[in-house]
Amino acid sequence: MNIHEYQAKALFADFGIPVTKGLPARSPDEFKAALAELPDGPVVVKSQIHAGGRGKGTFKSGYKGGVKVCKDQGEALDAAKNMLGNVLVTHQTGEAGRKVKTVYFNEPCDIAKEYYLAILLDRATSRPIIIASTEGGVEIEKVAEETPEKITRVTIDPASGLQPFHKRKIAYGLGFTEKEDLKQLDVLLTGLYRLYWEKDASLAEINPLVKTADGRIIALDAKVGFDENALFRHPDIRALRDLDEEDPKEVEASKHGLSYIALDGNIACLVNGAGLAMATMDIIKHFGGNPANFLDVGGGASEEAVTEAFRIILSDKQVEGILVNIFGGIMSCQRIAKGIIAAAKTVSIDVPLVVRLEGNEVEEGKKLLSESGLAITAADSLKDAAEKVVKRVEQAREG
Amino acid sequence: MAVLVGKDTRVVGQGITGTFGSLHANRNIEYGTNYVAAVTPGKGGQRFEDKVPIFNTVREAVEKEGANASVIFVPPPFAADSILEAIDSGIELIVCITEGIPVRDMALVKDALVKSNTRLIGPNCPGIMTPGECNIGIMPGYIAMPGKVGVVSRSGTLTYEAMYQLTQLGHGQSTCIGIGGDPINGTSHTDAIRLFNEDPATEAIIMIGEIGGSAEEEAAAYIKEHVNKPVAAFIAGTTAPPGRRMGHAGAIVSGGSGGADAKIKALKDAGIAVAPTPSDIAETLLSVYKG
C-alpha cells in the first residue's frame, strides 16, 4: 500500500527525520490557511498523486509541471489552483493520468547537493538493505546501470538491527566526513530504519536527500510503501490508504477476496492460483489473443465471489471473450460451476465463454455446467481452452 | 524414499483443528500420511478426529510422539510464531501453508532458520508430496503417481498442472515440492534442485518459476555447474505488467529486474529446456528425458 508524500513526510517528522515545513490543502479555502502558516517568500507547490515524475508531468488542462517553485505566495496560489482537481499525466501514470485532490505547500531550501537514500527488502539475502547514492533526484535504476560505483549498499541483520557501523558505512559511502554531517546522518538513518521496521514498510525512500547551503541534511521528498499483509497491526497506517488512487475494479475485487488487475487486452480470464493465472494470461497471448486482466479467485472463493468476479470482468467493455481455468486443489470445481451458473442469471454473459475444469470434484462441476443450458464451450486442457477462446472471439468478430 | 518426506515421516499438525486445517489434514491422513500429533494451544489432552493426540506445545509432540515434520495451517498473524516454535523444538522439516505472513516476521524466521538445522518449505505454498508415501499440505493426491521426476514450483496450481501432465503421460514423480510465492521463503529453487540432484530416486527435474526476484537465475547457474540430470522449466508472467504485484506477494517486476524474459534467457543459456506454454511442461521434459 502506498501513501502520499505529505503523509510520508508527517511520518518522517514523527520518527525524527528532518523535513522542510509543509502543509497539505484540499480546497481553495484551505490554500490561504496553509500558506499563512509558511513564512513570506518563495513556496514549493507539489501535486499529491501516487506516481513519480510529477515535476516533468503535464496536466490534461495543458498546464505544465506537477511541482512548481514559486517566487511568492501569490504565484503559489495560482499554481495550486491550476493543479487542484485537474488530471496530471506523468511517465508513471500512463495516459489516463491521476486527478490531483491534494496540493502540498512547502518551504523551499537552498540545495548544495542532492543524494539518494532508501531502505527495502533485499530478496537475495532476505534482509533489509540500505541503498545510498551520491546521485540524488534521478532514478536509482538508471544510476545502478550507468554508474554503479556511486551506490553504497548495506544489508542489516534483522535480529540485531541497525548498528552504528552500518550508519558510518552509509555516511562514508556518501562522502561525508565532517563530524556535524555524521551526526545528522546518524539521527536520520536511525529514524528511517525505525520507521521501515516498526511500521512494516516495504519501501522507505528519500529522493532527493539534500544538504542545504547552510549545512542541514533534509529529506526533500518522501516515498513510503507498506506490506499489506502487516496492516492488521497498523490501524494508523491503514487509515492513510487513498482508495481514489486505486483502480475501482481492483478495490471492488479485493473486497470479495479476489485478486484482480486490469490489463488492456480483450480476453478476460478467471483462474484459481496466482501462478496459473499468470500462465493463463501468457498462453492466451501465445495463441494470438490479448489478456484483458489478471484474476485469481484464490483457493476458498465462494459462489458469490465467482459471480462478483464475472460482474467485474464484464464491466470492462473491451472484453470479447472469457476463459475460466480452474485446477482445483483446494477449490471445488462444483463450486465454480455453481458460481458460473449463478452469475449467468444476474449478469448477462454475452461473449464467448470457454471453461476448463480439472481437479477436486471435476465430474460434478462438468455435469452441472452441461445440464445448465448455458452456451459454454468446454475444454479438455489449458492449451485447448486458450486455442478455443481465441478462435471463438475471432468467429464472433466475423459475425 | 525420494527427498525430504516418505514413509518414515511423522507429522505434527500445527493449527489443524480449524476448518481449513482439519479438512486438509484429513485428506493427508486418507492418503496415508502418518500424522502422529496435533498442536493447538489450549486443546492439549484432547484428540483430533478421536485418534491423533493434541498437545499444547510442539516440544511435547516431539518428545511423546517422535514427530519429525510439522505442517502449519495457522492464520498469518500467528504463523511466524508457530514456525519459530517448531524450529525451537528441533523439528527437521516444517511445511507452512499459510498465505499472508508479514515480510518482517519472515525476515526474523529466516534468520532463525539459518542458525538451526531445520528446513522450511513455504510459506504460502501447497506443501510437499512423495507420491504413494506421504502428502503434507493441500495438493490433490489423485493427480500424482510414484515415479522418478522431481517437481519444484513457486506456484501451487502450476505444480498440479505439471504433475497431472506427467501422470497422464505415464510418468510418475519422485517428490513434488511447492516452495511458495512469497518474497522470503525457507527453501529456494536451488535448494530443491540440489536435493533432487543428490537423490538417486530422481532421474529428471521440472522447475516452475515466475516473475519477481532472481531465484530462477540462481538455480540456472547452479544447474549449469552441477546438474547432469535432464531439467525442463516453465516461467509464468511473460505478459505481466511491470510494477504490479501479480497475486503472489513475491511476483513483481520492479526496477527492471525479475522479468520473465531474463529468467527464460538464463535458463536457456544453462541448457535447460523451457516449455513455451504451461500446457507443454511435461512434454518439454520428455523431449530431453526418455524415462
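Just so we're on the same page: letters track the sequence lines, and every chain starts at 1.
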Show the numbers, then the answer: is there a side chain to side chain contact (heavy atoms under 4.5 Å, CB included) between A:F294 and B:T239?
CA-CA 10 Å; A:F294 167 91; B:T239 53; over 6 Å; no
Please report the C-alpha distance between B:E161 and A:R356 in whole Å, then the side-chain angles of each, then the deciding distance to 0.1 Å, and finally whether the salt bridge (charged side-chain N to carboxylate O under 4.0 Å, His left out) criterion is met.
CA-CA 12 Å; B:E161 195 71 55; A:R356 182 266 180 140; 2.9 Å; yes
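Contact count against chain B (heavy-atom pairs under 4.5 Å) is highest for A:S126 among A:P291, A:S126, A:A124. Ranked by heavy-atom pairs under 4.5 Å with chain B, the first of A:Y196, A:F232, A:Y260 is A:F232.
Proximity to chain B among residues 381-390 of chain A is limited to A:S381, A:L382, A:K383, judged by heavy-atom separations below 4.5 angstrom. Inspection of non-hydrogen atoms places A:M281, A:D282, A:I283, A:K285, A:H286 of residues 280-290 of chain A under 4.5 Å from chain B. Below 4.5 Å, heavy atoms of chain B meet heavy atoms from A:N272, A:G273, A:A274, A:G275, A:L276, all part of residues 267-276 of chain A.
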All N/O donor-acceptor pairs, side-chain side in residues 71-80 of chain B, below 3.5 Å, sequence neighbours left out:
none

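Salt-bridge formation is not detected for the pair A:D247/B:R244: no Lys NZ or Arg NE/NH1/NH2 atom is positioned less than 4.0 Å from an Asp or Glu carboxylate oxygen.
Residue contact with chain A, scored on non-hydrogen atoms closer than 4.5 Å, involves the backbone of B:R245 exclusively. If you measure heavy-atom distances from B:M139 to chain A, you find no contacts under 4.5 Å at all. Neither the backbone nor the side chain of B:L23 comes within contact range of chain A; no heavy atom of the residue lies under 4.5 Å from a heavy atom of that chain. Proximity to chain A is absent for every atom of B:I208, based on heavy atoms less than 4.5 angstrom apart.
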